[in-house]
J.: 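Below: one structure in structure tokens.
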Amino acid sequence: MANKDSTSSGKALVIVESPAKARTIGKFLGRDFTVEASVGHIRDLPKGRKEVPEDFKKEEWAYLGVNVNDRFTPIYIIPDDKKQQVTKLRKALKGCSELYLATDEDREGEAISWHLLEVLKPKVPVHRLVFHEITREAINEALANPRDVDDALVRAQEARRILDRLYGYDVSQLLWKKVGRGLSAGRVQSVSVRLIVERERARMAFNSATYWDATALFATDKNEEFTATLTAVDGRRIPAGKDFDASTGKLKDDSLLLLDEPSAKALVEKLRTAEFRVTSVEQKPFKSQPAPPFTTSTMQQEANRKLGFTAKRTMRAAQGLYENGHITYMRTDSTNLANVAVDAARDLVRSEYGDEFLPGQPRVYKSKVKNAQEAHEAIRPAGHPFELPNVIGKSLAPDERKLFELIWKRTIASQMADARGFRTTITVEGAGATFRVSGKTIEFPGYLRAYVEGSDNPDSELADKETLLPALIENQVVACRELEPHDHTTQPPARYTEASLTRKLEEMGIGRPSTYASIIETIQARDYVFKKGSALVPTWVAFAVTRLLEQHLESLVDYRFTAQMEDFLDAISCGDAEHADYLQKFYFGNGSPGLKARVAAKEEEIDPRLMSRFPVGTPTTGEYQEEIVLRVGKYGPFLEQGDRKASLPDGMAPDEVTLARAIELLDAGMTDDEPLGTCPETNKPVYLKVGRFGPYVQLGTPDDEEKPKNASLLPNMKPEEVTFEVALKLLSLPREVGNHPESKDPVMAYNGRYGPYIKCDKETRSLPADMSPLDITLEQALVLLAQPKTRGRAAAKPPIKVFEESPVTGEPIRLLEGRYGPYFADGQSNASLPRGMDPDEATFELALRLLEERAAKGGGKKKKKTKKKAAKKKKAAKKKSAKKKSAKKKSAKKKTAKRKTAKRKAPGDG
């Protein structure tokens, strides 16, 4: 148990970021300490001019929240949802003898500590505690060796935040004007999108090629079989996929022998009677070394490959493991291991696998990543000796258990002996044809016994890694038992996955591993990218935005420039550079225009129609031979050919939009242009159309002054069932069924987002499958309304679980059954239980972490909106009341004036 200096009086206050971390640290500290959580950052830049303090609202730079005219001084505010927590921390600080700031050891953690100092203004001694694992030993070590807040790290975080604000706000406004509202740009985000778009362009430009080869099943006189592949005929090599030009589909080298189907089959027939001999047996020894321990990036990549986790899911599980003292800090670029960790790993190798699996000397790893901080450690199990996965597994949530086992195995394997074996290549020839096969024999598995990259089962992977071949000698005759020709088609470059994009960004020195998870989440949330399986597919909006940035603000998405920007930000953290000078040059320029002037100039120069127009091709046959173009419209991408238009089906990838497919969609869209009939009330045509989200009916055309009215088809309704009469009924929704006999309120029938329903005043009821909103009667509706609700407030289900009180809200945390699955609630925020997790496995620590993440993203928005609404109503009521009082006063004055006038007049006067 940690103790304070015996000469001090009163408790010491320790502040960390999260309630979960506070609980874990609290276990190791004595009664002399109070541990509180800041729940992330307590101050930030304002989100726009509205949040800027009154003194600065009229300044030109107010929308940025950064005074660009005064050395880029940031204007910090305490957001509304953090005020309560700040008040709580101020109260906790009163009467305390010392303040310990124990936030994370990275730039963000350092900045949180600095903001706490700025806001709380403590009058007691302040100490900065730094540790990379939450264990008793690490906490005691930090208490014995506190330091001051590192100003260079704080300035580095501040510079990043300001740079991202300048880039994001100014460029985003340009995108809103030239591509579409709601779009955003970012220093790393926009470069990531460009990488994904460039890969899709390569796929679109790709031309496939087909080539043939053959396989033969050979056997020795001892009946030992092996399969070999045809590699050459009469000295001419058979091509492989790499030998074809991706853009033309043609061979790069004309000397290669390209077989088509007839020639491949003819060759096979000729070889059936040939005699085959072994002409070469090559055997070479190999050694394979273990991969280094995990960094943030490699952990995300492996969790994606092996466990199917997204980067966000991986980081959430890692955060839980770290905050509960099971692993070291999970945001790191370093592959370095502390000496105690190396000893712990080697002890486990010896006890779990045996002395032969232990190398003579400990392995030392150095990071290859630019600017990696070697003083930090790789991600590994916390403490020493390491906890065993089968011992602590039951106490962890499923994702945490899987990730801990991955980290444990990788760490242990990193200190194990090399794998050793032999690679064998056998060449067989006959009748001018050459066949070749390669095999591998593992002599000693070494580290592969514990961990194989990309594999979940080391033992089965070991078997897969071995290709056993019979013992053969040169000039040995082998029998050919089977011969089969095979065709192959070259494939376009693979799309990025989360793992491969993370690896690419890290290789290029763009961004930092700690930000990759949020970047990947953002580009999906902004509809720049969607997923097909695990592949990241760009949308046409991403194409339009990337084109604008490449053509008009090229340096902002230039890979080298972005990496150099990252280097400079790292130089600030080391105290080797000054941030204001760099920001001055970036924003205002120095000899050449800066960001501000360039964005302003481009507002006049950029034609938004050209940014969102992509040629598909021009048909050379058929009735319509005008150019087909794809446009990115307000409601999504669509094809256009003269007067013909067609929407793209939702989820169609850009490389699938070929000329042939475009013609198909436009031809199918022609039927959309033939009306079902003309509405008798409006005299407008009624259409059945197919859009991004499925079939619907439409009243009128986009050329009308008013926007055409649309109505979705009912659930399970097929387009071929929609007659003109049915279409009119769909367009009549919501329809009035009648009036309620008691309340006299109208009963309305709707086709809603979640299915058909009826509504009377505030009461709603879903319609059963055998009832339709098109023809439900008042009697049927009244029967439904008389029944109790099957869900909603009137029929609230009891909590699945109730945990102890939240340290943030003071209310018990409950696990509830919601419409979209179980979720946690603490009175202020709601957070969904991770998909696929059994509610029985939910823990208090998991609830705290998820609610904390939700609160950091603005989980109390609904409450905020309600408060704002109430404030508006109050203001309006006050105004109304003031107007009434003013009117009464005026009326009273007029009456008094009239009475006085009447008194002054003599009887009989005129």
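All values derive from a computational prediction rather than experimental measurement.
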J.: With a sphere of 6.0 Å drawn around NZ of Lys287, does it hold more than 12 non-hydrogen atoms of other residues, nucleotides or ligands?
T.: no
J.: Can Thr310 and Ile520 be said to form a side chain to side chain contact (heavy atoms under 4.5 Å, CB included), step by step?
T.: CA-CA 9 Å; Thr310 61; Ile520 291 168; over 6 Å; no
J.: Nearest heavy-atom pair of Glu110 and Asp150: which atoms, and what distance?
T.: OE2-N, 2.8 Å
J.: Could you verify whether a donor N or O on one side chain and an acceptor N or O on the other, from His132 and Glu377, lie under 3.5 Å apart?
T.: yes
J.: Aromatic rings Phe803 and Phe844: how do their planes relate, parallel, tilted or perpendicular, breaks at 30° and 60°?
T.: tilted
J.: Establish, for the pair Arg187 and Tyr167, whether the NZ or CZ atom is under 6.0 angstrom from the six-membered ring centre and no further than 45 degrees off its axis.
T.: no
J.: Ignoring hydrogens and geometry beyond distance, is a side-chain donor-acceptor pair present between Gln300 and Asn304 at under 3.5 Å?
T.: no
J.: Using every non-hydrogen atom in the two residues, find where Phe561 and Asp558 come nearest and quote the distance to one decimal.
T.: N-OD2, 2.8 Å
J.: Less than 6.0 angstrom from the centroid, inside 45 degrees of the normal: does Arg194 satisfy that with respect to the ring of Tyr559?
T.: yes
J.: Taking the six-membered ring of Trp114, is the NZ or CZ of Arg128 close enough (under 6.0 Å from the centre) and on axis enough (within 45°)?
T.: no
J.: Examine distances only and state if a side-chain atom of Glu133 and a backbone atom of Gly383 form a donor-acceptor pair shorter than 3.5 Å.
T.: yes
J.: Does a side-chain N-to-carboxylate-O contact under 4.0 Å join Asp570 and Arg512?
T.: yes
J.: Do Arg503 and Glu506 sit within salt-bridge range, that is, some charged N less than 4.0 Å from a carboxylate O?
T.: no
J.: Inspect the contact between Arg155 and Asp151 and indicate whether a charged nitrogen and a carboxylate oxygen are less than 4.0 angstrom apart.
T.: yes
J.: Sub-3.5 Å donor-acceptor pair from the side chain of Glu566 to the main-chain atoms of Gly511, do we have one?
T.: yes
J.: Distance alone, cut at 3.5 Å: any donor-acceptor contact between the side chains of His384 and Glu137?
T.: yes
J.: What is the distance from atom CG of Leu337 to atom OG1 of Thr335, rounded to the nearest 0.5 Å?
T.: 8.0 Å
J.: Does Tyr823 have Lys801 sitting over its ring (NZ/CZ under 6.0 Å from centre, angle to axis within 45°)?
T.: no
J.: Run through Lys531, Arg203, Lys532 and flag the one making a side chain to side chain contact (heavy atoms under 4.5 Å, CB included) with Val537.
T.: Lys532
J.: Answer yes or no: is there a side-chain heavy-atom contact under 4.5 Å between Phe309 and Glu498?
T.: no
J.: If every non-hydrogen atom of Leu833 is compared with every non-hydrogen atom of Leu846, which pair is closest and at what distance?
T.: CD1-CD2, 4.3 Å
J.: Look only at the side chain of Thr328 and the backbone of Arg380, and say whether a donor-acceptor pair between them is shorter than 3.5 Å.
T.: yes
J.: Would you check, one step at a time, whether the test ring-ring contact (aromatic ring centres under 6.0 Å, His included) holds for Tyr322 with Tyr329?
T.: CA-CA 6 Å; Tyr322 167 67; Tyr329 191 54; 5.2 Å; yes
J.: As an exercise, state the distance from CG of Leu358 to OH of Tyr353, rounded to the nearest 0.5 Å.
T.: 12.5 Å
J.: Would you name the heavy atoms of Leu195 and Tyr496 that are closest together and state the gap between them?
T.: O-CE1, 3.4 Å
J.: Work out which heavy atom in Pro381 is nearest to a heavy atom in Phe386; give both atom names and the distance.
T.: O-CE2, 3.4 Å
J.: Counting only heavy atoms not in Arg350, do more than 12 fall under 6.0 Å of its CZ?
T.: yes
J.: Determine whether the side chains of Ser500 and Thr497 contain a donor N or O and an acceptor N or O closer than 3.5 Å.
T.: yes
J.: For the residue pair Asp527 and Thr539, what are the closest heavy atoms and their distance?
T.: O-OG1, 2.7 Å
J.: Does some side-chain heavy atom of Gln157 sit less than 4.5 Å from a side-chain heavy atom of Leu153?
T.: no
J.: Do the side chains of Arg316 and Asp399 get close enough for a salt bridge, i.e. N-O under 4.0 angstrom?
T.: no
J.: Would one find more than 12 heavy atoms of other residues, nucleotides or ligands at under 6.0 Å from atom CD of Glu352?
T.: yes
J.: Answer yes or no: are there more than 12 heavy-atom neighbours, outside Asn339 itself, under 6.0 Å from its atom CG?
T.: no
